[in-house]
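Quick notes on the structure that follows.
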Amino acid sequence: MKTRFVGLGLISLLLVAGCASQSEVINLAVPVLREPGSAPVSKTPGPKVSIVRFDDKRANKAWLGTLTGRFGGEERFNVRGNDAGQAVANALADYLRSKGWQATVVSDAAQSASDVTFSGEILEMNVDAKKGFFSTDLSSKAKVMVQGSNRSDGSKVRMTLTGTGSDSVFWFSTDDAQVLVNDVLSESFSKLSSSTKFDNGALRLN
Amino acid sequence: MMRTVLLSSFLLVMLLGDTSQTAPIVEAASANTHRVTGKVVAINTSEQPHTIVLSAKSVSGELIVGATVGEGIAIRRGKKSIALDQLRVGETVQLTYEKTSSGLVAVSILAS
């Protein structure tokens, strides 16, 4: 009889623990935070561009994805600060700066004095992880519409950028999900720099 | 042998198809006037000012220009003058426009 009560107590404890873990949120840094001065610097100043906060058009804006435990418990991933639009704008600026562009995030496109002002929409952005017995499988996807408005002639260049990635790790840590999301965003943004060029201060498609 | 030739021809057609799709550009017609060729994606003649939006697509993306269309500007199909609402969505046109402080203003529209 006593054993039955102890068993029931343990099951209840596991259930409570399982439920409690559902409300936990794992915050991911997007873009990855760098030490001051560690960002690559180009010798020749590149194009001067501004980036405004992206519109978050995801069907589910509440979180980025889930970390599913071995026994079914779930934790949720989210962008630190819970502002995916600002995070993607910052990530794009970070990526373009790494390519030598003079990229600045601005709050208002009208105040921008840059050659090109980028805006856009987040259509998809997620990261999911599923813990197994000997590994944790991660997958991530990003789909972002980016629009560059040329100051010189008023034309707009619009592209839809996509990136996908997956990883499998033995010991899962939050950094694994964080790195994967940032890699997938960088892969998406790479199409922007590889498919465009600057001609007389205006962004053009290759 | 015949299958290889057919496959080669098919690949050649595919390659020719790819090379014919050049990146859309906006040409500078003068200091403040620009010219772009693209397909009409929208025309609005129900509100003032009337507007036209063109889009030129390439494999890597899309170039978009939207301009207001004032009364009396030259809109032609070939040598014939037409009204803005006679242009069709999907039709290829060449738009010459000016960038002003109030936005982009059409100077002329030529439909092929």
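Within every chain, numbering begins at 1; the chains are lettered A, B, ... in the order of the sequence lines, protein sequences first and strands thereafter. The structure displayed is predicted, hence computed values, not measured ones. The analysis underlying the following values was restricted to heavy atoms, covering all of them including side chains, and did not include hydrogens, waters or symmetry mates.
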Check: Should the heavy atoms of other residues, nucleotides or ligands under 6.0 Å from NZ of A/Lys130 be counted, would the total exceed 12?
Finding: no
Note to self: Report which part of A/Arg204 has an atom under 4.5 Å of a heavy atom belonging to chain B: side chain, backbone, both, or neither.
What the structure shows: side chain
Note to self: Tell me whether A/Asn200 at atom CG has more than 12 heavy atoms from other residues, nucleotides or ligands lying less than 6.0 Å away.
What the structure shows: no
Check: Once you round to the nearest 0.5 Å, how far does OG of B/Ser60 lie from CG of A/Asn206?
Finding: 6.5 Å
Note to self: Using a 3.5 Å distance criterion without hydrogens, assess whether the side chain of B/Lys99 forms a donor-acceptor pair with backbone atoms of A/Ser155.
What the structure shows: no
Item checked: Inter-residue atom distance B/Asn32.CG - A/Asp153.CG, 0.5 Å rounding -> 10.0 Å
Margin query: Could you check whether atom CD of B/Gln48 has more than 12 heavy atoms from other residues, nucleotides or ligands sitting under 6.0 Å from it?
Written below: yes
Check: Does A/Phe170 CZ have over 12 foreign heavy atoms under 6.0 Å away?
Finding: yes
Check: Where on B/Leu63 is there a heavy atom nearer than 4.5 Å to chain A: the side chain, the backbone, both, or neither?
Finding: both
Checklist line | Segment of A/Thr160 engaging chain B (4.5 angstrom heavy-atom cut-off) | finding: neither
Check: Where is the tightest heavy-atom contact between A/Gly154 and B/Leu104, given as atom of each residue plus distance?
Finding: O-CD1, 3.6 Å
